[in-house]
Visitor: 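Here you go, one structure.
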Number of protein chains: 2
Amino acid sequence: MKNEIAEILKRSQLSVTGSRTKILELFQEANGALAHADIEKRTDDSYDRVTIYRTLQTFVEKGIIHTIPTADNSVRYALCKDECSTGHHHDNHVHFICDDCGTTYCLDNITVPEITLPKGFTQKRADVIVSGICKNCE
Amino acid sequence: MKNEIAEILKRSQLSVTGSRTKILELFQEANGALAHADIEKRTDDSYDRVTIYRTLQTFVEKGIIHTIPTADNSVRYALCKDECSTGHHHDNHVHFICDDCGTTYCLDNITVPEITLPKGFTQKRADVIVSGICKNCE
DNA sequence: AATCACATGCAACAATGTTGCAAATAATTT
DNA sequence: AAATTATTTGCAACATTGTTGCATGTGATT
């Protein structure tokens, strides 16, 4: 719903614009993560490359999306679930990247196991990146 | 030791050259991970940028170093411990990235917890990226 | 020492990301 | 509803990062 998207933007004190609405829509449709290039393709060059970069940056800052670490140098973004934005939890994520089709899944229902760090280290965030073959490619 | 480094290279069927020796040395000195840019700096532009790219690629292929997933778009590399090259284990790594100084630590002594994936997903590799404040910056 | 295979450097290119600024659009005020 | 203000966008220019082909140089092999 357009209205829902507008609400999300306003809640983060962002102006409701065409590009932001469209990009948020894309994230809601995609049930995986998106890279900058994906967004460029799926918007048919309606928006400037720079605008997309800035929109993604803004969304990350506002906690609407989060980045997913990858072993190659391709940054991917995914929608944050509610817990992300409320901040009432450690920023923990489990992601699965398919070696075959490249799709990135957010496994939100899986909790990140506790990790005991050496003395002197303080944990702020933990990401688990599992790679292998996904359910569509097996 | 130069000899030890030469041994590592020969074992992987690689010619022993200046750049490879130097870059391997850097990894042994650094007790963290290195990015391409770090290596460029620490070699004082003695080697071409392309050579460094290719050397890193080769090292990854031969299992001498491995990449570390990061949330920003900076690929980092770290030396593989013996288990990496022998291949007798899952490719699992726990890394710690300091938000303050940016140093990346390989926490080899910490084991990656088992993660139960949804049906249809097959795990090949798992990386845990913990970020926060390291022992030097606390 | 000569040959062969491989590694390197250079040049050129491609992709990705950043910054400043003027024009356009959204939000706010009157 | 129009005018003002604040914010966002697009363009241009640039910076960084990574890739490829090819001639030259160096390490390995005989």
Side-chain angles (χ1 to χ4, degrees), chain A residues 2-3 5-26 33-62 64-65 67-77 102 104, chain B residues 2-26 33-62 64-77 102 104:
Chain A
K2 293 265 184 204
N3 269 344
I5 289 180
E7 275 314 308
I8 295 176
L9 292 173
K10 283 181 191 159
R11 211 178 304 139
S12 301
Q13 296 169 305
L14 294 174
S15 302
V16 179
T17 66
S19 61
R20 286 180 181 160
T21 307
K22 180 65 187 168
I23 293 178
L24 250 185
E25 252 176 57
L26 285 181
L34 297 175
H36 179 273
D38 297 324
I39 295 170
E40 250 184 316
K41 275 179 215 148
R42 301 187 194 189
T43 51
D44 264 329
D45 295 312
S46 317
Y47 308 106
D48 195 86
R49 232 156 41 80
V50 178
T51 301
I52 298 176
Y53 278 116
R54 293 202 259 232
T55 303
L56 290 172
Q57 249 174 243
T58 307
F59 283 0
V60 169
E61 279 162 19
K62 296 294 185 180
I64 298 172
I65 60 177
T67 59
I68 300 171
T70 55
D72 56 355
N73 58 325
S74 65
V75 196
R76 292 170 203 220
Y77 304 87
T104 305
Chain B
K2 293 266 184 202
N3 269 344
E4 192 195 334
I5 289 181
E7 275 315 308
I8 296 176
L9 292 173
K10 282 182 192 160
R11 211 178 305 141
S12 301
Q13 295 170 306
L14 295 174
S15 302
V16 179
T17 66
S19 61
R20 287 180 180 160
T21 306
K22 180 64 187 168
I23 292 178
L24 251 186
E25 252 177 58
L26 285 181
L34 297 175
H36 178 273
D38 297 323
I39 295 171
E40 251 184 316
K41 274 179 216 148
R42 300 189 194 188
T43 50
D44 264 328
D45 294 311
S46 317
Y47 307 106
D48 196 84
R49 230 157 41 81
V50 177
T51 301
I52 298 176
Y53 278 117
R54 292 202 259 231
T55 303
L56 290 172
Q57 249 175 244
T58 307
F59 283 0
V60 169
E61 280 162 19
K62 296 293 184 181
I64 298 172
I65 61 177
H66 61 269
T67 60
I68 300 171
T70 55
D72 57 355
N73 59 325
S74 65
V75 197
R76 290 169 204 221
Y77 303 87
T104 304

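First the proteins, then the strands, lettered A, B, ... as listed; each starts at 1. All values below come from the heavy atoms of this structure, side chains included, with hydrogens, waters and symmetry mates left out.
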Visitor: Answer with yes or no whether Arg54(A) presents, from its side chain, a donor or acceptor under 3.5 Å of a partner atom in the base of dG10(D).
Guide: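 Flag set: donor-acceptor pair detected.
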
Visitor: Counting only N and O atoms by type, is there a donor-acceptor contact under 3.5 Å from the side chain of Thr58(A) to the main-chain atoms of Arg54(A)?
Guide: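 Yes; judged by distance alone, with no hydrogens or angles, the pair exists.
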
Visitor: Is the closest side-chain donor-acceptor distance between Thr104(B) and Arg76(B) under 3.5 Å?
Guide: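 Result is yes, a qualifying pair exists.
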
Visitor: Please state how far atom OH in Tyr53(B) lies from atom C1' in dG21(D), giving the value in whole angstrom units.
Guide: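 Going from Tyr53(B) (OH) to dG21(D) (C1'), I get 18 Å.
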
Visitor: Roughly how many Å is it from CD in Gln13(B) to P in dA5(C), rounded to a whole number?
Guide: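 It works out to 16 Å between those atoms.
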
Visitor: Ser19(B) has a side chain; which of dG10(D), dG18(D), dT8(C) sits nearest to it?
Guide: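 Closest nucleotide to the Ser19(B) side chain: dT8(C).
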
Visitor: Counting any heavy atom closer than 4.0 Å, what does Gln57(B) reach on the DNA or RNA strands: base, sugar-phosphate only, or nothing?
Guide: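 Gln57(B): backbone/sugar contact only, no base atoms under 4.0 Å.
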
Visitor: What is the separation between atom OH on Tyr47(B) and atom C1' on dT26(D), rounded to the nearest whole Å?
Guide: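 Rounding to the nearest Å, OH of Tyr47(B) and C1' of dT26(D) are 13 Å apart.
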
Visitor: In this structure, how many angstroms lie between the C1' atom of dT16(D) and the CG atom of Asp38(B), rounded?
Guide: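 About 15 Å, once rounded to whole Å.
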
Visitor: Just verifying a value: how many Å separate Leu24(A) CG and Thr55(A) OG1, rounded to the nearest 0.5 Å?
Guide: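 Rounded to the nearest 0.5 Å, the CG-OG1 separation comes to 9.5 Å.
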
Visitor: To the nearest Å, how far apart are Leu9(A) CG and dT9(D) P?
Guide: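 Taking CG of Leu9(A) and P of dT9(D), I get 10 Å after rounding.
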
Visitor: Could you check whether Ser46(A) gets within reach of a base, just the sugar-phosphate, or nothing at all, counting any heavy atom under 4.0 Å?
Guide: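 If one applies the 4.0 Å heavy-atom cut-off, Ser46(A) turns out to touch the sugar-phosphate alone, with no base involved.
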
Visitor: When you match Ser15(B) and Asp48(B) each to their closest nucleotide on DNA chain C, which lands nearer the 5' end?
Guide: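 Nearer the 5' end of the strand: Ser15(B).
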
Visitor: Can you measure from CG (Leu9(B)) to CD1 (Ile64(B)) and round to the nearest 0.5 angstrom?
Guide: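 If we round to the nearest 0.5 Å, Leu9(B):CG and Ile64(B):CD1 are 5.5 Å apart.
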
Visitor: Between dT9(D), dG9(C), dG18(D), spot the one nearest the side chain of Thr51(B), thanks.
Guide: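 Within the option list, the nearest is dG9(C).
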
Visitor: Rounded off to whole Å, could you give me the CZ-to-C1' distance for the Arg76(B) and dG18(D) pair?
Guide: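 It is 18 Å, rounded to the nearest whole Å.
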
Visitor: To the nearest Å, how far apart are Leu56(B) CG and dA7(C) P?
Guide: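 Distance check: Leu56(B) CG to dA7(C) P gives 15 Å.
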
Visitor: Which residue, Thr17(B) or Ser74(B), contacts DNA chain D at a nucleotide closer to its 5' end, judged by nearest heavy atom?
Guide: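 Taking each residue's closest nucleotide, the earlier one in sequence belongs to Ser74(B).
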
Visitor: Quick check for you: among dT16(C), dC10(C), dT9(D), whose closest atom lies nearest to any side-chain atom of Val50(B)?
Guide: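 Looking only at side-chain atoms, Val50(B) lies closest to dC10(C).
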
Visitor: Closer to the 5' end of DNA chain C via nearest nucleotide, is it Leu14(B) or Arg49(B)?
Guide: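 Going by which nucleotide is closer to the 5' end, it is Leu14(B).
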
Visitor: Have a look at Thr58(B) and say if it touches a base, only the backbone sugar-phosphate, or nothing, with a 4.0 Å heavy-atom cut-off.
Guide: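 Contact class for Thr58(B): none.
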
Visitor: Measuring centre to centre across the rings, with the benzene-like ring taken for any Trp, is Tyr53(A) within less than 6.0 Å of His36(A)?
Guide: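 Centroid distance Tyr53(A)-His36(A): below 6.0 Å, so yes.
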
Visitor: Lys62(A) has an atom NZ; how far is it from atom C1' of dT8(D), in whole Å?
Guide: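 My rounded result for the distance is 14 Å.
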
